[in-house]
Amino acid sequence: MPEPNSFVWNMMIRGYLRNKEPNKTLQFFEQMRLRDVKPDKFTFPFVIRACADLGLVKKGQWVHGQVIKVCLSVDVFIATNLIEFYVSCVSVSVAHKVFDEMPVKDTVSWTAIMSGYVNQGGSNMEMARNFFEEMPVKDLVAWNTMVAGYVKIGDVRVARKVFDRAPVKDILTYNTLLGGYAKYCEAEFVLQFFNEMPERDVVSWNSVLGGLVQNKRINEAMLFFNRMQMENVKPNMVTLVSVLSACGQVGALDMGKWVHTYIDRSGIGLNAIVGTTLVDMYCKCGELESAQHVFNCMPSRDTVTWNALIMGLSMNGKSKEAMKVFLRMQDECVMPNEVTMIAVLCACSHAGLVDEGRRCFDTMHQKFGIIPKLEHYGCIVDLLGRAGLLNEAYTFIESMPLVPHTGVWGALLNACKIYGNVELAECASKHLVELDPQDGGYLAAMSNIYANAGKWDNVAEVRKLMKAKGIRKLPGCSSIEIDGEIHEFGVEEKIHPRSGEIYKMIEHISKLLSLAGHVASTTEVFFDVEDEEKEKALFYHSEKLAIAFGLIATDKGTTLRVVKNLRVLVLVKITGDAAIPMNALAESNATRKFCIKPSVLAVKDNVLDRSSGEWTRKLVL
DNA sequence: CTAGGGTTAG
């Protein structure tokens, strides 16, 4: 075109913005100015939005200056976009100023500033509320914004009050409140609200599903997913991501594979989120080859994807490979974030790479601009502690510029447990109980540490304290997937329909184990039962129930995949022709997952070998 | 036949 007018320029600018190329938008804006075409009231909203998308503070402010120069700052559309820009790139208070200076405001501009305060969360909700009550005309979106705001700060009761007050509601109003219920309320209540909704869309289904998954109610989540299919609601990516996350949590590999093929067949291709979830799921199921394969096939990867693989390898004891992936990540110029560093430090910790871990910690700020947070300090304490450098770990805590949280002291306590350091353990647990009086786990650990040191008076004292406070350790829980169905087991739980057979099988295995000369360790794990019951309790430890069930419910040679709820640090993988389990697991509450082949049963060796950098429990049967 | 605000996932 010889001389495109402003309308044409605006179309180009809009087109690039809509196709997620804000850089091109700005380039065209620049061209437009160079060719002396005056930007108009339509041009600026796009340009401001492009600046906001790219986080270009200076540029945005400059554009604001231009707007003032051409006397367009009175335009409602432009001002509203400026509000959004300042909210996302500068601060709500600056946005607030722009709002105050608007000569004419409409419902959208009121909602924009309200939403700005809503997204800040916390006490800013009061400001949002003031705006809301003051705005002259409240439309559907304004009501929805308020409901969302209260959901965001976790106040579902007030959210419901606003919801009830709203004169008009659409599916988004319902979905917003439903999302809040899904996050904070009992599953029964959520389902009741869901069932009573006048209409439901995929988002409604996804909210409930996501809530169930995040609350670890995996069986219900899977049933809900089945119901969704029965009612012919087509799952979208969000649905599948939730299902995959559920699979990872309980090691449901069959289901995970099914979802994977479903994704492939549906032809959507892997986006970064779905791909990452697949990588994560395969890692948590111990299928590292599949995880790597998905990773390599992904057309686009981001930092989170790399994090999933590094953490996955590390969780499975492949620390060296995790470090290699970290190097490759840097080669490919993907910027690590805080989570990456946690995964990397975790890998160092597992492999006992003390110096390497320290170096990563010391250089992460200058190399990647990541300021160490409490989690990173926790990793270093864990790293030093596991390596037996307990005093150094303690000095490290003392020198921290941040106030140590439960993760930091917990790591020290854990290390004290491994190395039987009573004195430091007392110090750590004192801090832990102060920080989180509700959690009985620390006192439980303390009781075990005293028991291992033979300090029975102290054991009794701690037990008494726990009884008085009425606190208990979080119960262990294991799950196993058989023929696509997930079976969960708690300690000494007898509600499984085949529990009779399961307990018989446990006794059978136990006989074989003691015939082979194995003696169960009774010093740890159960502090709150009498000594004579200890053996029984250990004996019925939740993963044993899961394994025993696996043994009776599958054919010989089937791999059993058992997942625990507590701790996700070390993977015990049983290798060799055959392998087995029972006490390997009871003694390692750091176990996340293990695979066994139920073919032979006899114990020959019982050595914990960590020389290869992996935890390998050799119990050849 | 040009513009702004509200819901689900790694």
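Chain A is the first sequence line, chain B the second, and so forth, proteins listed ahead of strands; every chain is numbered from 1.
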Any donor-acceptor N/O pair under 3.5 Å between B:dG5 base and A:D139 side chain
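Indeed, a donor on one side and an acceptor on the other fall under 3.5 Å apart.
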TODO: Classify the side chain of A:T276 and the base of B:dG10 as holding, or not holding, a donor-acceptor pair under 3.5 Å.
DONE: yes
Q.
Could you tell me if the side chain of A:F225 sits less than 4.5 Å from the side chain of A:M230, heavy atoms only?
A. no
(message) Are the side chains of A:S109 and A:M102 in contact, using a 4.5 Å heavy-atom criterion?
(response) yes
Where along [range] does a heavy atom come under 4.0 Å from DNA chain B, residue by residue in number order?
| range | answer |
| --- | --- |
| residues 321-342 of chain A | none |
| residues 86-117 of chain A | A:D106, A:T107, A:V108, A:S109, A:T111 |
| residues 193-204 of chain A | A:V203 |
| residues 163-173 of chain A | A:D170, A:L172 |
| residues 20-29 of chain A | none |

Nearest-Å distance, [atom1] ([X]) to [atom2] ([N])?
| X | N | atom1 | atom2 | answer |
| --- | --- | --- | --- | --- |
| A:L82 | B:dG5 | CG | C1' | 15 Å |
| A:M298 | B:dG10 | CE | P | 14 Å |
| A:I273 | B:dT8 | CD1 | P | 12 Å |
| A:K41 | B:dG4 | NZ | C1' | 13 Å |
| A:M311 | B:dG10 | CE | P | 15 Å |
| A:F85 | B:dG4 | CZ | C1' | 16 Å |
| A:D280 | B:dA9 | CG | P | 15 Å |
| A:Q214 | B:dA9 | CD | P | 6 Å |

Check the geometry between A:F77 and B:dG4 and answer yes if their rings are stacked (centres below 5.5 Å, planes below 30°), otherwise no.
no
I want to verify a distance call: between [options], whose nearest atom is closest to the [X] side chain?
| X | options | answer |
| --- | --- | --- |
| A:N81 | B:dG4, B:dA3, B:dG10 | B:dG4 |
| A:D75 | B:dA3, B:dT2, B:dT8 | B:dA3 |
| A:V141 | B:dG5, B:dA9, B:dA3 | B:dG5 |
| A:P45 | B:dG5, B:dA3, B:dT7 | B:dA3 |
| A:S242 | B:dA9, B:dG4, B:dT2 | B:dA9 |
| A:S207 | B:dG5, B:dA3, B:dT8 | B:dT8 |
| A:F46 | B:dG5, B:dA3, B:dG10 | B:dA3 |
| A:F7 | B:dG10, B:dG4, B:dT2 | B:dT2 |

Measure centre to centre between the rings of [X] and [Y], then say whether the value is under 6.0 Å.
| X | Y | value |
| --- | --- | --- |
| A:W143 | A:F163 | no |
| A:Y282 | A:F295 | no |
| A:F99 | A:F131 | yes |

Only one of A:T340, A:D302, A:T276 passes side-chain hydrogen bond (donor to acceptor under 3.5 Å, both in side chains) with A:N307, and that residue is A:T340
When we call it a touch if two heavy atoms are under 4.0 Å apart, what does [X] touch: a base, just sugar-phosphate, or nothing?
| X | result |
| --- | --- |
| A:V147 | nothing |
| A:A182 | nothing |
| A:T305 | base |

Aromatic ring pairing A:F224/A:W205, orientation class (parallel under 30°, perpendicular over 60°, tilted between)
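Answer is tilted, since the angle falls between 30° and 60°.
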Can you see whether [X] engages [Y] through a side-chain donor-acceptor pair at a distance of less than 3.5 angstrom?
| X | Y | result |
| --- | --- | --- |
| A:N206 | A:T239 | yes |
| A:E188 | A:Q192 | no |
| A:D201 | A:S204 | yes |
| A:Y184 | A:R157 | no |

- Message: Is there a side-chain contact between A:R14 and the phosphate of B:dA3, meaning an N or O under 4.0 Å from OP1 or OP2?
- Response: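 A:R14 to B:dA3 OP1/OP2: side-chain N or O found under 4.0 Å.
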**Item:** Backbone N/O of A:K318 and side chain of A:N316: donor-acceptor pair under 3.5 Å
**Value:** no
Between A:D382 and A:G378, is there a donor-acceptor pair closer than 3.5 Å when you use the side chain of the first and the backbone of the second?
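Absent.
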Q. Of the options A:F193, A:F194, A:Y174, which is the one that meets A:Y181 in a ring-ring contact (aromatic ring centres under 6.0 Å, His included)?
A.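 Of the listed options, the one satisfying the test is A:F193.
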Sorted by chain and residue number, the salt bridge (charged side-chain N to carboxylate O under 4.0 Å, His left out) partners of A:K38 (sequence neighbours excluded) come out as none
- Think A:R49 forms a cation-pi with A:F85, using NZ or CZ under 6.0 Å from the six-ring centre and within 45 degrees of its axis? no
Q: Specify the closest pair of heavy atoms between A:L209 and A:A221, including all atoms of both residues, with the distance to one decimal.
A: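 Heavy atoms of A:L209 and A:A221 come nearest at CD1-O, 3.3 Å.
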Step by step, would you call A:H405 with A:Y377 a side chain to side chain donor-acceptor pair (under 3.5 Å)?
CA-CA 10 Å; A:H405 70 329; A:Y377 286 93; over 6 Å; no
